[in-house]
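Given the structure is predicted, the values throughout are model-derived calculations rather than measurements. What's counted below: heavy atoms across the whole structure, side chains too, no hydrogens, waters or symmetry copies. Read the numbers this way: they start at 1 and go in the same order the structure lists the ligands and their atoms.
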Amino acid sequence: MSHKTVVVGGGVIGLSVAWRLARDHDVTLVDPTPARGASWVAGGMLAPVTEAWPGEEELLDLGGASLAQWPEFAADLGIDLQTSGTVVAAVDGADAAQLDIVADFLARQGRAVDRLSARELRRVEPVIGPGVRSGLLVPGDLAVDNRELLRRLTAAAYEAGVEFLREPVRAVGAGSVELAGGAVRCDLAVIAAGAWSSALHPGLTSAVRPVKGEILRLRARQGALPPPTHTIRALVESKPVYLVPRAGDELVVGATQYEAGFDDEVTAGGVRDLLTYAERVMPGIAEYGLTECSAGLRAGSRDNLPLIGELEPGVLVAAGHHRNGLLLAPITAAAVCAMAAGVAIPAVVRAAHPARLWQTTR
Ligand SMILES: Cc1cc2nc3c(=O)[nH]c(=O)nc-3n(C[C@H](O)[C@H](O)[C@H](O)COP(=O)(O)OP(=O)(O)OC[C@H]3O[C@@H](n4cnc5c(N)ncnc54)[C@H](O)[C@@H]3O)c2cc1C
């Protein structure tokens with residue numbers, strides 16, 4: 001007989017988990033607004049290397065392992081990946097020094113990247129403006145259209161037999177998930193409610209917090225320079241900004257980062273900052289149409305690693321993916337399936353077990 005499993009939350013993580021689990025489980029996904037959340041807002045980079053920072057080696061290893069699973073994951077969903085890689089640009093001397101730190105760190109991790117002069121950088125990516133001083137070329141990073149991904153995951157989950165319940169969950173315990181109208185009984189519950197996960201189980205108290213991020217969508221108008229062919233990440237006087245090209249002459253520019261609780265309103269200052277930094281990197285952006293400004297809530301954890309593991313028998317968590325939820329979706333879904341089957345998970349995922357946070361939260 002098939003296991004009755006409830007997945008709480010239908011962002012990229014909950015949808016991926018539900019879709020993959022539905023091969024062996026009878027899955028219900030509960031979310032009042034599935035396929036939205038931070039996943040709808042995100043930039044779409046699958047970029048463990050250009051996210052890397054000294055001290056976050058475990059996150060780099062986890063991201064690298066998930067990146068390796070992305071081609072098969074994407075093929076199963078029939079979605080295209082952008083494979084041209086990332087260029088990283090530095091505007092002033094301090095920004096260039098920061099890139100040197102990252103390049104040295106990556107070299108020590110056995111992930112060498114190419115350092116480029118301003119001229120070499122513009123040869124690779126001609127939209128980059130004269131204010132950029134130097135950069136890096138990172139060939140392995142991928143990108144995906146996050147909204148197309150959510151559409152494909154939703155369709156794949158339906159096709160695999162996942163039942164969708166559009167209601168908020170109040171609490172999750174072993175054997176039952178509490179909704180306003182009563183409890184849903186289950187053999188296994190998976191908490192995948194992103195930034196909202198902490199309220200759902202005592203083992204997650206204070207473990208996940210919302211981290212606000214604003215992002216813009218622009219479109220090249222007639223006569224404007226076409227978008228870059230690579231993802232561009234830049235440091236502009238220590239302020240990070242990225243530009244991710246999409247099909248149809250679209251360009252995604254992100255992202256601000258604030259601790260602002262559950263406030264998800266776009267601010268004028270956030271939009272101004274993103275446009276100012278983006279224009280320093282790619283002056284031609286001033287000719288683009290601004291089609292959307294949005295904000296989302298990343299699920300931050302204290303050490304930037306996600307929380308993937310068992311909270312108590314019959315209750316798993318897959319949350320806290322912060323800036324990397326799209327990147328980490330394949331490995332998270334595979335790990336949840338392994339845990340549900342009682343199979344050992346790889347060491348790179350074991351580092352993300354929530355028990356590491358319990359000494360200080362309990
Ligand atoms: C501006 C921005 C840019 C980003 N760019 C990238 C990027 O380029 N690459 C990358 O890998 N990541 C990126 N991220 C991070 C990424 O978006 C997140 O890590 C990822 O979306 C997390 O997915 P999730 O499914 O855990 O959470 P979410 O997508 O937030 O989904 C959580 C779901 O839980 C539901 N929910 C909440 N409470 C309840 C409840 N009580 N009951 C039932 N359901 C509930 C919500 O309705 C929602 O649908 C970005 C994030 C932001 C904000």
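- Closest to atom 41 (N) of ligand 1 among all protein heavy atoms lies V169 O, 2.9 Å.
- To the nearest 0.5 Å, the span separating OH on Y258 from CZ on R298 amounts to 10.0 Å.
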Listing, residues 166-181 side-chain donor-acceptor contacts under 3.5 Å, not counting sequence neighbours, or none:
{"unit_1": "S176", "atom_1": "OG", "unit_2": "E178", "atom_2": "OE2", "d": "3.3"}

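- Distances from atom 32 (C) of ligand 1 to the heavy atoms of A319, A195, A193, P306 show the closest one on A193.
- Sorted by first and then second residue, the salt bridge (charged side-chain N to carboxylate O under 4.0 Å, His left out) pairs with a member in residues 247-262 read R209-E259; sequence neighbours excluded.
- Residue Y242 approaches ligand 1 through these ligand atoms, each under 4.0 Å from one of its heavy atoms: 3 (C), 4 (C), 5 (N).
- Under the 30°/60° scheme for interplanar angles, the aromatic rings of W196 and F262 are found to be tilted.
- Residue-to-ligand polar distances place G325 within reach of ligand 1: an N/O pair is separated by less than 3.5 Å.
- By the 4.0 Å heavy-atom criterion, G254 is excluded from the residues contacting ligand 1.
- Nearest protein neighbour of atom 5 (N) of ligand 1, counting heavy atoms only, is G43 N, 3.0 Å.
- Scanning the protein heavy atoms around atom 26 (O) of ligand 1, the nearest turns out to be I13 CG1, 3.4 Å.
- When the options E167, R170, R36, R323 are ranked by their closest heavy atom to atom 13 (C) of ligand 1, first place goes to R323.
- Between A38 and ligand 1, a contact under 3.5 Å exists for at least one N or O pair.
- Inclusion of L326 in the set of residues having an N or O under 3.5 Å from an N or O of ligand 1 is warranted.
- For ligand 1 and G296, the ligand atoms under 4.0 Å from any heavy atom of the residue are 53 (C).
- Protein heavy atom nearest atom 38 (N) of ligand 1, with residue, atom name and distance: W196 CB, 3.3 Å.
- The heavy atom nearest to atom 19 (O) of ligand 1, out of those in R298, K212, H322, is found in H322.
- For ligand 1, the atoms closer than 4.0 angstrom to any heavy atom of V30 are 43 (C), 44 (N).
- Sparse packing is recorded around CG of D80, with 12 or fewer heavy atoms of other residues, nucleotides or ligands lying under 6.0 Å away.
- Each of the atoms 42 (N) of ligand 1 lies under 4.0 Å from some heavy atom of P168.
- Here the closest non-hydrogen pair linking V348 and A65 is CG2-CB, 4.1 Å.
- In this structure, of P210, P32, A42, the residue bringing a heavy atom nearest to atom 4 (C) of ligand 1 is A42.
- Using a 4.0 Å cut-off between a side-chain N of Lys or Arg and a carboxylate O of Asp or Glu, K212 and D264 do not qualify as a salt bridge.
- Put simply, V7 and L77 are part of the same group of oily side chains (I, L, V, M, F, W, Y) that touch within less than 4.5 Å, one to the next.
- Under a 4.0 Å heavy-atom criterion, G44 is in contact with ligand 1.
- Below 3.5 Å of separation, one finds an N or O of V12 facing an N or O of ligand 1.
- Per-residue contacts place T33 under 4.0 angstrom from the following atoms of ligand 1 (heavy atoms of the residue considered): 47 (O), 49 (O).
- Near N324, meaning under 4.0 Å from any of its heavy atoms, are these atoms of ligand 1: 10 (C), 11 (O), 12 (N).
- Listed by number with element, the atoms of ligand 1 under 4.0 angstrom from any heavy atom of G11 are 25 (O), 29 (O), 31 (O), 33 (C), 49 (O).
- For R123 and E120, the salt-bridge test fails: no basic side-chain N is under 4.0 Å from an acidic carboxylate O.
- Considering only non-hydrogen protein atoms, atom 49 (O) of ligand 1 sits nearest to D31 OD2, 2.6 Å.
- Atoms CE and CD, from M45 and Q82 in turn, are 10.5 Å apart once rounded to the nearest 0.5 Å.
- Among all protein heavy atoms, the one lying closest to atom 9 (N) of ligand 1 is M45 O, 2.8 Å.
- Of the N or O atoms in L297, none lie within a sub-3.5 Å distance of an N or O in ligand 1.
- A salt bridge links D100 to R115: one of the charged nitrogens lies within less than 4.0 Å of a carboxylate oxygen.
- Each of L297 and L204 belongs to its own hydrophobic cluster when Ile, Leu, Val, Met, Phe, Trp and Tyr are linked at side-chain heavy-atom distances under 4.5 angstrom.
- When only modelled atom types and interatomic distance are considered, E214 and T267 share a side-chain donor-acceptor pair under 3.5 Å.
- The contact set between ligand 1 and H321, taken as ligand atoms under 4.0 Å from a residue heavy atom, comprises 19 (O).
- Considering S39, G9, G194, A199 only, the shortest heavy-atom separation from atom 22 (C) of ligand 1 involves S39.
- In this structure, the side chain of R280 does not engage the main chain of Y277 through any donor-acceptor pair within 3.5 Å.
- The two residues A340 and L188 have their closest heavy-atom pair at CB-CD2, 3.7 Å.
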